[in-house]
Amino acid sequence: MALVAGRKTFAAGKTLLLRAGVWLGAEAAARGGNGARRFVSQRVLVESDVTAGIATIKFKNPPVNSLSLEFLTEFIICLEKLENDKTYRGLILTSDCPGIFSAGLDLREMCGKNLAHYAEYWRAIQETWLKLYLSNMVLVAAINGASPAGGCLMALSSDYRVLADNPRYRIGLNETLLGIVAPFWFKDVLVNTIGHRAAEHALQLGLLFQPTEALQVGMVDQVVPEDQVQSTALSVMTEWLAIPDHARQLTKSMMRKATADNLIKQREADIQNFVSFVSRDSIQKSLQVYLEKLKQKKH
Ligand SMILES: CCCCCC/C=C/CC(=O)SCCNC(=O)CCNC(=O)[C@H](O)C(C)(C)COP(=O)(O)OP(=O)(O)OC[C@H]1O[C@@H](n2cnc3c(N)ncnc32)[C@H](O)[C@@H]1OP(=O)(O)O
């Protein structure tokens, strides 16, 4: 495995353009005798069971699996690779960092950078969401930790959510607590999941739900003991994979296309909106104060 930059041809015969400095070892995947394969990249671990047609992506961007640009770049490449490889019909999303599913957007990508960086970052966020939300694979989120904001969006974009029963693992779109506004497409996904009134309530107050509350409001589909999250995700996956792909995929597309198209048709305007919002002095100050509070929490 090596540091790669530029063009690389993968085992599946596909050529991907990689950002300079992104380390990927996917082409050196170890293949076990039982059909298990393991791809390794620096921030995204991909384990797969070829026989079952199921892959598991484990976020590995310590300490809190924030969605940094580097993480998103690796994640998008992995998703693309799995999506294009017809071996895989199901994908489980989970975390390799104890107690944290994902802390959401990396606040350091939104603070003290230039406008071009904000635009590049937001495009990567949009791309990640579109790939998840419109995936042909069955996506099950095995939520084994806290899941605020962008972390919650990743879970909400899956087809089914299993959350570990631990009161510290709160989930929700808490943007207003940071003094920022959830983008309209975050809002759309929440409304599609829990309904308009509950979404309005949760979004305005920036609510982070404990597992039992999250189940009650419909933000997750199942709450199980922590040591059963992965096995439950796997049995849910088996159930979903029993449905013929073409019928399930067309149904998924029928349910989700309008929401995704709503962003696709105004992607550039959405990027400009993010850039001008996040670069305001008042927003920069709010984000810096919030980051500082997080840092001081420990002291
Ligand atoms: C039109 C305009 C639209 C704008 C829309 C913008 C949309 C935004 C969506 C988002 O996702 S914003 C991000 C929101 N995320 C959060 O509010 C989560 C903040 N983090 C936490 O609550 C906690 O960290 C945690 C995830 C519950 C974990 O708690 P724990 O006690 O385990 O760890 P900490 O000590 O708090 O953190 C460790 C370390 O990580 C840093 N950090 C935490 N979260 C982030 C983050 N989102 N981005 C960057 N860095 C983060 C934290 O500062 C600590 O750093 P240190 O250097 O080790 O002190």
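Every number for a ligand or one of its atoms is a count from 1 in the order of the listing. In what follows, every heavy atom counts, from backbone to side chain, and hydrogens, waters and symmetry copies are set aside.
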Item to check | Enumerated ligand 1 atoms positioned under 4.0 Å from heavy atoms of Leu178 | outcome: 12 (S), 14 (C), 17 (O)
Checklist outcome for this item: Logged contact type for Arg170 with ligand 1, heavy-atom cut-off 4.0 Å, is neither
Checklist outcome for this item: So NZ of Lys60 and CD of Glu74: to nearest 0.5 Å the spacing works out to 10.5 Å
Next on the checklist: Any donor-acceptor pair under 3.5 Å linking the side-chain atoms of Thr259 with those of Asp188?
Outcome noted: no
Next on the checklist: So, taking the atom named CH2 in Trp185 and the one named CD1 in Ile264, what distance separates them when rounded to the nearest 0.5 Å?
Outcome noted: 11.5 Å
Checklist entry - Should you measure from each heavy atom of Asn273, which atoms of ligand 1 turn up under 4.0 Å away? => result 1 (C)
Next on the checklist: Can you name the atoms of ligand 1, numbered from 1 with element, that are less than 4.0 Å from a heavy atom of Pro148?
Outcome noted: 18 (C)
Checklist outcome for this item: Contact region, Ile180 to ligand 1, non-hydrogen atoms below 4.0 Å, reads side chain
Checklist entry - Just going by heavy-atom distances, which of Ala149, Cys111, Ala103 is nearest to atom 15 (N) of ligand 1? => result Ala103
Checklist entry - Against heavy atoms of Pro183, which atoms of ligand 1 measure under 4.0 Å? => result 5 (C)
Checklist entry - Considering distance alone, does some N or O of Ile100 sit under 3.5 Å from an N or O of ligand 1? => result no
Checklist entry - Just going by heavy-atom distances, which of Val275, Val64, Leu105 is nearest to atom 41 (C) of ligand 1? => result Val64
Checklist entry - Tyr133 ring centre to Arg256 NZ or CZ under 6.0 Å, with the angle to the axis within 45°? => result yes
Checklist entry - Quick one: which ligand 1 atoms are inside 4.0 Å of a heavy atom on Val181? => result 3 (C), 4 (C), 5 (C)
Checklist entry - Is there a donor-acceptor pair closer than 3.5 Å between any side-chain N or O of Asn65 and the backbone N or O of Asn61? => result yes
Item to check | Close side-chain approach of Met219 and Arg161, heavy atoms under 4.5 Å | outcome: no
Checklist entry - Between the side chains of Gln230 and Thr94, does any donor sit under 3.5 Å from an acceptor? => result yes
Item to check | ligand 1 versus Leu153: contacting region, heavy-atom distance under 4.0 Å | outcome: neither
Next on the checklist: Just to verify, which of Val140, Val138, Leu241, Asp159 counts as forming a side-chain contact (heavy atoms from CB on, under 4.5 Å) with Val236?
Outcome noted: Val140
Checklist entry - Any idea which part of Leu67 is under 4.0 Å from ligand 1, heavy-atom wise: side chain, backbone, both or neither? => result neither
Checklist entry - So is Glu175 polar-close to ligand 1, meaning N/O to N/O under 3.5 Å? => result no
Checklist entry - Purely on distance, is any nitrogen or oxygen of Lys297 under 3.5 Å from one on ligand 1? => result yes
Checklist outcome for this item: One finds that the ligand 1 atoms under 4.0 Å from a non-hydrogen atom of Gly150 are 10 (C), 11 (O)
Checklist entry - Side chain, backbone, both or neither: which part of Pro63 comes within less than 4.0 Å of ligand 1 when only heavy atoms are counted? => result side chain
Checklist entry - What atoms of ligand 1 come within less than 4.0 Å of a heavy atom belonging to Phe277? => result 2 (C)
Item to check | Close side-chain approach of Leu139 to Tyr160, heavy-atom, < 4.5 Å | outcome: no
Checklist entry - Are Tyr169 and Phe101 close enough that their ring centers fall under 6.0 Å? => result no
Item to check | Polar contact flag for Lys295 and ligand 1 (N/O pairs, less than 3.5 Å) | outcome: yes
Item to check | Region of Leu107 engaging ligand 1 - heavy atom pairs below 4.0 Å | outcome: both
Next on the checklist: So if I count the atoms of ligand 1 from 1 in the order they appear, which ones are less than 4.0 Å from some heavy atom of Asp106?
Outcome noted: 48 (N), 49 (C)
Checklist entry - With distance as the sole criterion, is a donor-acceptor pair present between the side chains of Glu83 and Ser135 under 3.5 Å? => result yes
Checklist entry - Judging by distance only, is a nitrogen or oxygen of Gly104 under 3.5 angstrom from one on ligand 1? => result no
Item to check | Plane angle bin for Phe274 and Trp122 - parallel if under 30°, tilted between 30 and 60°, otherwise perpendicular | outcome: parallel
Item to check | CZ (Arg168) with more than 12 external heavy atoms under 6.0 Å | outcome: no
Next on the checklist: Tell me whether Ser66 has any N or O atom under 3.5 angstrom from an N or O of ligand 1.
Outcome noted: no
